[in-house]
Student: 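So that we are looking at the same thing, I have put the structure below in structure tokens.
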Amino acid sequence: MAKSPMRVVVTGAAGQISYSLLALIARGDVFGRDQPVDLVMLDLPFAKDAMEGVVMELTDCAFPSLKSVTATCDQTEAFTDIDVAVLVGAFPRKPGMERNDMLAKNAEIFKAQGALLNTVAKKTVKVLVVGNPANTNCLIAQKYAPTIPKQNFSALTRLDQNRATAQIAAKAGVTSDKVTGITIWGNHSATQYPDAWHGKVNKDGAEVAASAACNDNAWLKSDFITTVQKRGAAVLAARKLSSAMSAAKAIGDHLHDWICGSEGRWVSMAVTSDGNKYGVPEGLIYSFPVTCQDGTWTVVNGLEISEFSREKLTVTADELSGEAKYAAEFLEKASA
Ligand SMILES: NC(=O)C1=CN([C@@H]2O[C@H](COP(=O)(O)OP(=O)(O)OC[C@H]3O[C@@H](n4cnc5c(N)ncnc54)[C@H](O)[C@@H]3O)[C@@H](O)[C@H]2O)C=CC1
Ligand SMILES: O=C(O)CCC(=O)C(=O)O
């Protein structure tokens with residue numbers, strides 16, 4: 001029997017990530033070629049013409065599973081009856097802005113979008129936040145959408161996981177598909193902790209620990225971590241534009257695994273910290289290793305955490321607690 005269409009909204013639809021992402025979704029690479037999609041694009045009024053151009057291109061691709069495409073600057077129209085919301089649009093950091101200024105600007109956007117999703121989206125909607133600071137923006141959207149289950153909110157750290165996986169693959173001399181179990185802990189920021197200690201590499205037909213395949217623990221404790229932490233900045237410095245193609249690919253991977261299942265593989269998703277066994281404060285949107293089945297993620301609990309790793313898990317949790325505190329104080333002041 002034919003599947004009923006899935007209504008998917010992408011915000012920041014005229015931006016550079018969306019330019020790659022919309023085609024992935026429309027082609028069926030994310031939800032499957034047999035899954036019809038009603039695609040909704042949202043951006044600010046100044047970007048309306050640019051969005052219309054992207055609509056023309058999507059139409060001209062003649063994708064069989066793209067049932068309809070709508071471009072709008074009206075948030076209520078965009079979020080009504082939505083099944084999947086990909087929140088890419090955000091206020092970017094401008095020269096001279098402190099991180100807290102950016103947090104404040106985005107707190108307003110994600111408060112309004114959370115509240116609107118709460119009112120007009122399906123209660124089963126799955127929300128992926130990409131716009132930075134992604135974890136804290138997600139926390140805010142979740143807070144203002146109390147009738148949508150907390151499980152249904154996540155933020156993107158899959159790009160970091162893919163970056164880390166590619167680094168391990170290169171070091172071990174294999175292709176990326178031979179590497180599994182690489183985890184990103186914490187915030188999508190320079191404090192994130194890329195962790196290869198539980199990773200595995202399939203080398204010459206045999207599965208070995210990633211640390212054995214890399215054979216360089218000093219690298220795993222230093223340059224591997226900083227390369228992944230600073231990869232976004234390195235791409236920005238080289239391209240004069242931030243990562244877009246790789247971000248879109250990672251969004252597709254995240255949504256595919258969340259909704260269609262990860263088939264037992266661990267993937268990294270920033271999700272509500274709730275009863276985890278790693279001592280991460282409750283309520284933060286923190287990146288964990290998870291498995292996904294039937295649209296539900298479950299944290300992979302019980303992994304052994306060394307002293308080295310423990311310290312890094314705490315640093316990134318502390319940063320997220322600080323961001324959450326700042327955003328809450330800002331929103332409280334703004335509504336007083
Ligand atoms: N979590 C992650 O791994 C990554 C996150 N990012 C973040 O993704 C975001 C988007 O990146 P790009 O596409 O490169 O930016 P971009 O600047 O090319 O596009 C952003 C678009 O969002 C729109 N926008 C801004 N506020 C909006 C609102 N309230 N509602 C709807 N649309 C709105 C803008 O008009 C613009 O068209 C940025 O915040 C960036 O930092 C980027 C790469 C990776
Ligand atoms: O670094 C940024 O602020 C934007 C791009 C990004 O988040 C990334 O490439 O990881």
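Residue numbers start at 1 and run along the sequence shown. Each ligand, and each atom within it, is numbered from 1 in the order the structure gives.
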Student: Heavy-atom distances under 4.0 Å decide this one: backbone, side chain, both or neither, for V235 against ligand 2?
Tutor: neither
Student: Quick one: nearest non-hydrogen protein atom to atom 20 (C) of ligand 1, plus distance?
Tutor: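 Looking only at protein heavy atoms, the one closest to atom 20 (C) of ligand 1 is G15 CA, 4.2 Å.
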Student: Starting from atom 2 (C) of ligand 1, locate the nearest protein heavy atom and write down its residue, its atom name and how far away it is, to 0.1 Å.
Tutor: H188 NE2, 3.2 Å
Student: So which protein heavy atom does atom 25 (C) of ligand 1 come closest to, and at what separation?
Tutor: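 Heavy-atom neighbour on the protein nearest atom 25 (C) of ligand 1: A90 O, 3.4 Å.
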Student: When you measure from atom 29 (N) of ligand 1 to every protein heavy atom, which one gives the shortest distance, and what is it?
Tutor: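 Answer for atom 29 (N) of ligand 1: I109 CG2, 3.5 Å.
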Student: Counting C-beta onward and ignoring hydrogens, is there a side-chain heavy-atom pair between C292 and E263 closer than 4.5 Å?
Tutor: no
Student: Would you say S18 has any N or O atom under 3.5 Å from an N or O of ligand 1, going by distance alone?
Tutor: no
Student: Is R163 close enough to touch ligand 2? Criterion: a residue heavy atom under 4.0 Å from a ligand atom.
Tutor: yes
Student: Which residue and atom name correspond to the protein heavy atom nearest atom 21 (C) of ligand 1, and how close is it?
Tutor: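 Nearest neighbour among protein heavy atoms for atom 21 (C) of ligand 1, to 0.1 Å: G12 CA, 3.5 Å.
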Student: Give the atom numbers and elements of ligand 1 that come within less than 4.0 Å of a heavy atom of Q113.
Tutor: 29 (N), 30 (N)
Student: Take every heavy atom of S242, measure it against each atom of ligand 1, and state whether any distance is under 4.0 Å.
Tutor: yes
Student: For atom 34 (C) of ligand 1, which of D43, N132, L44 has the closest heavy atom?
Tutor: D43
Student: Ring centres under 6.0 Å, that's the criterion: do W297 and F288 meet it?
Tutor: no
Student: Record the part of Q192 in heavy-atom contact with ligand 2 below 4.0 Å; permitted values are side chain, backbone, both and neither.
Tutor: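 Neither part.
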Student: Could you identify the single nearest non-hydrogen protein atom to atom 2 (C) of ligand 2 and state the distance to 0.1 Å?
Tutor: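 Protein heavy atom at minimum distance: N132 ND2, 3.9 Å.
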Student: So, does R158 sit close enough to ligand 1 that a heavy atom of it is under 4.0 Å from the ligand?
Tutor: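 No, that is not the case, since the closest heavy atom of the residue is not under 4.0 Å from the ligand.
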Student: Show which atoms of ligand 1 fall inside a sub-4.0 Å distance from at least one heavy-atom site of G89.
Tutor: 22 (O), 24 (N), 33 (C)
Student: Is the shortest distance from a Lys or Arg side-chain nitrogen in D274 or K150 to a carboxylate oxygen in the other one below 4.0 Å?
Tutor: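 Answer for the salt bridge query: no.
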Student: Among T157, D195, T191, whose side-chain hydrogen bond (donor to acceptor under 3.5 Å, both in side chains) with W185 holds?
Tutor: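 Among the candidates, only D195 passes.
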Student: Kindly confirm or rule out an N or O of V130 lying under 3.5 angstrom from an N or O of ligand 1.
Tutor: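 So ligand 1 has an N or O lying under 3.5 Å from an N or O of V130.
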Student: May I ask you to identify the nearest protein heavy atom to atom 18 (O) of ligand 1, giving residue, atom name and distance to one decimal place in Å?
Tutor: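 Answer, as residue, atom name and distance: Q16 N, 2.9 Å.
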Student: Just jot down the ligand 1 atoms closer than 4.0 angstrom to any heavy atom of F46, in number order.
Tutor: 35 (O)
Student: Closer than 4.0 angstrom: is that true for some heavy atom of S243 and an atom of ligand 1?
Tutor: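 Within the 4.0 Å threshold, so yes.
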Student: Decide whether a cation-pi geometry holds between K171 and F224; the criteria are a distance under 6.0 Å from NZ or CZ to the six-membered ring centre and an angle within 45° of the ring axis.
Tutor: no
Student: Under 4.0 Å from ligand 2, counting heavy atoms only, is it the side chain of H188, its backbone, both or neither?
Tutor: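 For H188, the contact with ligand 2 is made by the side chain alone.
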Student: Got an N/O contact under 3.5 Å between I17 and ligand 1?
Tutor: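 Min N/O separation from ligand 1 is below 3.5 Å for I17.
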